[in-house]
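The block underneath contains the structure these notes are about, expressed in structure tokens.
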Protein chains: 2
Amino acid sequence: MTGASKRAGITDVAKLAGVSLSTVSRAMNGNPTVDPALAARVLAAAQELGYTANPVARSLVLGRTQTVAVVIPDLENPTFQAILRGLSRAATLDGYHVLIADSVEDLAEERALAGTTRRRTDGVILCSPRMPQDELTALLPTLSPVVVINRGVQDGAPVVAADYGAALRELIEHLVAEGHRHLLYLAGSTRSASHVARQEAIARALADHDDLVIDELPAGVGFDSGTAAADGVLDSGATAVLAFNDLVAMGLLSELTTRGIRVPEQLSIVGFDDIPFAAYTSPPLTTAAVPASELGERAWQAMQALLQDEEPTPFQTLSPQLIVRGSTAPPHA
Amino acid sequence: MTGASKRAGITDVAKLAGVSLSTVSRAMNGNPTVDPALAARVLAAAQELGYTANPVARSLVLGRTQTVAVVIPDLENPTFQAILRGLSRAATLDGYHVLIADSVEDLAEERALAGTTRRRTDGVILCSPRMPQDELTALLPTLSPVVVINRGVQDGAPVVAADYGAALRELIEHLVAEGHRHLLYLAGSTRSASHVARQEAIARALADHDDLVIDELPAGVGFDSGTAAADGVLDSGATAVLAFNDLVAMGLLSELTTRGIRVPEQLSIVGFDDIPFAAYTSPPLTTAAVPASELGERAWQAMQALLQDEEPTPFQTLSPQLIVRGSTAPPHA
DNA sequence: CTGTTAGCGCCTTCAA
DNA sequence: TTGAAGGCGCTAACAG
């Protein structure tokens, strides 16, 4: 029995190569002040022992972990999944690791996770943080470097956001162009920043069209919120529904289909986000395509800039794109 | 200007409380051998300075990071997302963090990521690893502690897997019971372990039913694979299709609908996984519900056991459940 | 019960 | 160009 041989440390390599620790360190890090022959000898020794510098030890001395944290409200939401994916892939390309933290829509968790994860990483990206603005304002400085996704302009943190207001506005105009004059907005998480942006978009649309009516019905953010809203939708008398997101739209669509109500003949429905499944419902969903994975990518770029002491764009907006599919049509006479 | 005050370290707390570093360390870690009064004084000082032990430094000295890595083949796949979610939430409850690594279905990346992430964490969970068995066998010992999801029994790592074979078998029996005798299996990633399990299930079904025919058509794992398979499906003459997963089924369903072919009247389709959207297609998809998030949870439990030097179950299987919805019916005469 | 003394594994001045 | 020495911030013997 040779026993379980422990992983090789820098000392082992130094010994095998017959040099000092410092030389090994320098060689491993490609420091040009090392004699090429010596460096080669060191690298060979390292290879032979399968040596790689312990990342934790490096992190301690260098003060950086090559890792960033992403705090998201709900790992179950397709949009957040897409953001995470874009972010993760972009960060990986730059040699960074990603620590995820799912706050499960819990405000206290969100606050706590941001702080905890920040300490073991080089920066944190807050995705659609649910906490109120004053809390966020107080938290951001303690988290620096930090990037925020989907909130308004912030002091002390670059923001990358989708323009929810503009997108909703396009959706509304599409419906108006089709001839609808009585819409119903199914409101989702009122804590989300996009809620505010949407309210404003609605107000502006109302101001622009004298004969337009837009009712609002509080709903939620998932399938079930959509199915649960069916009664309210039918009672409202609206000819078209603006769902908070595609999930809600799908839930509603499914419930209406079950009840024998035909979409879009009897009622038009639009979703929001354009999750991958929106194209596969019957009828396929008219929606606004939020470039979620690109949002994640941009957020990483902002973080990357911060990490390199560069000046990132303080506030950038990505425009969702109107996708007209089969769930909208002119109202029936 | 007081300047940017650096984060408080253990020394600052020691100074403020008028004790030694060790006492602060002990107090902070709830070591009972500290005089209660002193401990209180230390905690107060820590609180005043907003002190929390640097996790990186602790990791170095303690030899553990309170973090585990999860390597998955594709962050875009709903099933992996669900596994990740279950795992992440379970780990969080036990005070662990999760580092994610998306190999983007790249074999070399998968191998590399496993090693890299392992070094900055206390263990790694390999989710549906794509690498061949001999490579996996060679890799596992270098990764210990390690847990594997969705592969066959392994030496040196507990495995948590869904019983794909049994589930496919149920799907087939359902179709046979409906009267189908000519099925078509749309094969997905042949590198996935579940592919093998499914082949076996098909073989057994064939052995049990003399008059049954099951053709196989290579496809892929996403929507597009489903739409692309439409021609082949139609040409096959089969009356029912076993899609590799719900995504493929949805792609196919959508394409057939576009072509005016009615499901399930003219053709039955079954999916696999029961992703959240499977219930919202038209018709809703008959499928096998793989308890993905529970798979993640179980994987965490196995890892947790390993981390505590306990003996985890070496191989456990979760049974998907047959979900009969509207996409299957008897074949038309 | 508390303080002093070594490290954890590595990088980086500082001399030589 | 290389080696020796001193930390990074914390925990854990080991004495007192």
Task: B:V71 and B:V124, any side-chain heavy atoms less than 4.5 Å apart - done: yes

Task: Min side-chain heavy-atom separation B:D74-B:V104 under 4.5 Å - done: no

Task: Nucleotide-resolved protein contact map, nucleotides 8-16 of chain D, B/S/- at heavy-atom distance under 4.0 Å - done: BBSSBB---

Open item on the list: Using a strict heavy-atom distance below 4.0 Å, which residues from residues 36-45 of chain A are in contact with DNA chain C?
Closed with: none

Task: Over 12 non-hydrogen atoms of neighbours within 6.0 angstrom of CG in A:D134 - done: yes

Task: Minimum heavy-atom distance A:Y96-A:D122, with the two atoms named - done: CE2-OD2, 3.7 Å

- [ ] Have a look at B:Y51 and tell me which of B:V42, B:L16, B:L43, B:V13 forms a side chain to side chain contact (heavy atoms under 4.5 Å, CB included) with it.
- [x] B:V13

- [ ] Round to a whole Å and report the spacing from CG of A:N31 to C1' of C:dT13.
- [x] 13 Å

- [ ] Could you tell me whether B:V19 contacts a base, only the sugar-phosphate backbone, or nothing, with contacts defined as non-hydrogen atoms closer than 4.0 Å?
- [x] sugar-phosphate

Open item on the list: Expressed as a whole number of angstroms, how long is the span from B:R120:CZ to C:dC10:C1'?
Closed with: 14 Å

Task: N/O (side chain, B:S20) to phosphate O (OP1/OP2, C:dT2) under 4.0 Å - done: no

Task: Separation of A:L84 CG from B:E76 CD (nearest 0.5 Å) - done: 12.0 Å

Open item on the list: So for atom CD, which belongs to A:E310, do other residues, nucleotides or ligands contribute more than 12 heavy atoms lying within a distance under 6.0 Å?
Closed with: yes

Open item on the list: At 10 degrees resolution, what angle do the end axes of the helix from C:dC1-D:dG16 to C:dA16-D:dT1 form when each is taken over five base pairs?
Closed with: 50°

Open item on the list: Within the 3.5 Å criterion, strictly below it, is a donor on B:Q154 or B:Q133 matched to an acceptor on the partner's side chain?
Closed with: yes

Open item on the list: Check this one for me: any side-chain N or O of A:T23 less than 4.0 Å away from OP1 or OP2 of D:dG3?
Closed with: yes

TODO: Look up atom CH2 in B:W300 and atom OG1 in B:T92, then write down how far apart they are to the nearest 0.5 Å.
DONE: 9.0 Å

Task: Short N-O contact, B:R85 and A:D102, less than 4.0 angstrom - done: no

- [ ] Using a cut-off of 6.0 Å, state whether more than 12 heavy atoms not belonging to B:Q47 lie near its atom CD.
- [x] no

